[in-house]
There are 2 protein chains.
Amino acid sequence: MSKRPKTSPQQPTAERSDPGAPAGLNQIPLLQILSAQDRQKVLGEMTETRYGKGEYIFREGDPTEYFHIVKEGSVKCVKSSLDGKECTLKVLMPGDLFCCDASAFDGASHPGTAQPMGDVSVLRMKKEAYFKMLRANPDAAMEVIRYLGNRLNEAQEKAKVLALDRADQRLASLLVNLAERSGIKDPNGIRVTVRLTRQDMANMVGVTTETAIRIMARFKKDRLVTGTAARLVIRDLPKLKLLAST
Amino acid sequence: MSKRPKTSPQQPTAERSDPGAPAGLNQIPLLQILSAQDRQKVLGEMTETRYGKGEYIFREGDPTEYFHIVKEGSVKCVKSSLDGKECTLKVLMPGDLFCCDASAFDGASHPGTAQPMGDVSVLRMKKEAYFKMLRANPDAAMEVIRYLGNRLNEAQEKAKVLALDRADQRLASLLVNLAERSGIKDPNGIRVTVRLTRQDMANMVGVTTETAIRIMARFKKDRLVTGTAARLVIRDLPKLKLLAST
DNA sequence: CAAGAAACATGACAATAGTCATGTTTTATT
DNA sequence: AATAAAACATGACTATTGTCATGTTTCTTG
């Protein structure tokens with residue numbers, strides 16, 4: 001729960017995506033599903049844009065014009081309340097889709113803000129072209145349905161955790177998820193590759209920064225984790241899992 | 001929007017399959033989208049089932065075999081934690097789809113329990129037939145994408161409220177939603193047609209029953225609402241809206 | 001319509017998490 | 001390497017919500 005950060009608005013760099021076969025594109029399931037021919041066509045309609053720290057991909061309330069895919073880096077989806085508190089609903093990773101949904105339909109506006117975490121690269125496509133693509137490719141449409149269903153389950157699981165669990169359990173759940181979704185092996189356990197400050201974690205589980213710090217300090221003392229932000233390592237995943245559901 | 005006033009608490013219309021266009025079915029957007037011909041075909045593949053209080057449509061962990069549509073009544077989607085606490089993630093109303101999502105795909109099991117609230121009638125269809133239908137009907141697939149997108153936004157909004165708002169604000173938000181989604185005019189304000197006990201409300205906003213009772217008592221004292229369960233009436237929607245975001 | 005079961009209600013107290021204030025350490029920038 | 005800015009840390013106090021206990025009212029059902 002933080003007040004809004006101040007930003008120095010820079011212009012993001014936009015460029016036509018290379019129709020050749022840029023590295024990273026094979027991490028995107030939706031594109032993998034298409035025939036080589038359709039993929040080329042779709043890539044021709046997509047633009048790659050890079051964003052840096054402090055920029056916004058779009059903000060809550062902006063009109064929805066594009067469908068997006070994360071190509072590189074992580075993007076956080078944030079909503080904020082009138083009194084300036086904010087919460088992070090989801091961290092998108094390469095291959096994740098956004099604005100693939102209803103808001104993109106009836107001329108509505110973005111229900112939340114999309115913010116890069118560090119340097120990111122995003123592919124985007126006019127929503128009209130996106131809809132056309134879905135209508136023409138039942139496989140792509142099915143993939144989007146599958147994807148949205150997963151996101152819905154995830155969001156409901158998150159709601160359940162927020163509704164029923166204590167702060168320390170919610171934080172433990174977060175750490176377990178991070179380990180499983182963005183963890184790599186490390187001599188001391190599992191290293192989380194997304195850079196997350198205590199404040200970021202606080203925003204992800206609906207507590208204040210102080211509370212997140214205190215709980216993480218306890219976890220550290222109990223040898224469940226080490227390090228902060230850039231060097232966060234999960235040392236005892238089983239115990240965290242246990243704590244998350246106890 | 002209930003289809004008829006609830007004068008007699010006993011057995012409603014004993015439904016026999018009217019081959020033409022049975023009443024109730026035109027409240028289901030997904031079916032409306034189909035051509036008359038496709039609709040007939042789909043209806044031929046669907047089975048109508050009735051459930052009563054205390055029964056389950058399916059339970060958390062059961063294998064996912066069917067796609068479902070609510071035809072009459074309300075259905076609650078519930079998850080519970082190991083220590084027996086429950087939370088209600090969503091109340092489905094006529095026209096709502098469930099298991100239209102990913103869990104239905106890779107042979108996974110239900111992430112939550114579906115429970116009727118009173119008497120309900122549900123249409124269901126084998127998932128294989130459902131997928132086939134989606135592939136054959138781009139319009140239907142687009143409708144499901146639209147629907148899932150809305151559900152996702154709703155779930156994320158719910159997560160935000162759980163993460164950032166106080167108990168009384170969450171309850172106020174709930175009442176506002178209820179008024180807007182299932183309210184009918186009443187001499188004293190807006191009557192909520194879904195029967196919800198204080199315990200139900202507590203489960204929907206992640207508080208204990210006692211807390212829900214205390215807060216509702218305060219709302220009653222402040223003339224924001226009247227009545228309980230079956231006769232819940234919202235008397236001052238604007239004030240509740242204000243409270244929800246203050 | 002009586003009896004039992006839910007639902008509603010309220011008080012006393014405990015636990016959890018937030019707020020505010022202040023200080024230290026780490027990280028980023030010139 | 002110096003400096004500024006984040007991030008981390010901790011104490012003291014407060015607010016919010018949960019827990020447990022107990023009693024009343026309202027529905028349901030035989």
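Lettering of chains follows the sequences in order, A, B, ..., and the numbering in each one begins at 1. Since this is a predicted model, take the numbers as computed values, not measurements. In what follows, every heavy atom counts, from backbone to side chain, and hydrogens, waters and symmetry copies are set aside.
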| Distance (rounded to the nearest 0.5 Å) between B:L164 CG and A:D83 CG | 8.0 Å
| request: Please state how far atom CG in A:L162 lies from atom P in C:dT16, giving the value in whole angstrom units. | output: 18 Å
| query | Less than 4.5 Å apart, any side-chain heavy atom of B:Y66 and any of B:C99? | reply | no
| said: Could you tell me if the side chain of B:K90 sits less than 4.5 Å from the side chain of B:E154, heavy atoms only? | reply: yes
| said: In the structure I gave you, are the side-chain heavy atoms of A:M216 and A:L171 within less than 4.5 Å of one another anywhere? | reply: yes
| query | Roughly, in whole Å, what's the span from CZ in A:R170 to P in C:dT16? | reply | 13 Å
| In whole angstroms, how far is the C1' atom of C:dA15 from the CD atom of A:Q169? | 13 Å
| task | Using a cut-off of strictly less than 4.0 Å, decide whether A:T208 has a side-chain nitrogen or oxygen near OP1 or OP2 of C:dA17. | result | no
| said: If I take atom CZ in residue A:R195 and atom P in nucleotide D:dA6, what distance separates them, rounded to the nearest angstrom? | reply: 12 Å
| task | For A:D62 and A:Y56, test the side chains for any donor-to-acceptor distance below 3.5 angstrom and give the result as yes or no. | result | no
| request: Would you check if A:T197 and A:M201 make a side-chain contact, meaning some heavy-atom pair closer than 4.5 Å? | output: no
| task | Round to the nearest Å and state the distance from B:D165 atom CG to D:dT16 atom P. | result | 14 Å
| Minimum-distance nucleotide to B:T197 side chain [options: C:dT27, D:dC8, C:dA7] | C:dA7
| field | Residues within residues 210-222 of chain A bordering DNA chain D, heavy-atom distance below 4.0 Å | value | A:E210, A:I213, A:R214
| note | Atom CG of A:L171 and atom C1' of C:dA17 are separated, to the nearest Å, by 13 Å
| field | Atom-pair distance (CG on A:L232; P on D:dA7), nearest Å | value | 15 Å
| query | A:R198 has an atom CZ; how far is it from atom P of C:dA17, in whole Å? | reply | 17 Å
| request: Could you tell me whether the side chain of A:Q156 and the main chain of A:N153 form a donor-acceptor pair under 3.5 Å? | output: no
| field | Toward the 5' end of DNA chain D, by each residue's nearest nucleotide, B:V207 or B:K53 | value | B:V207
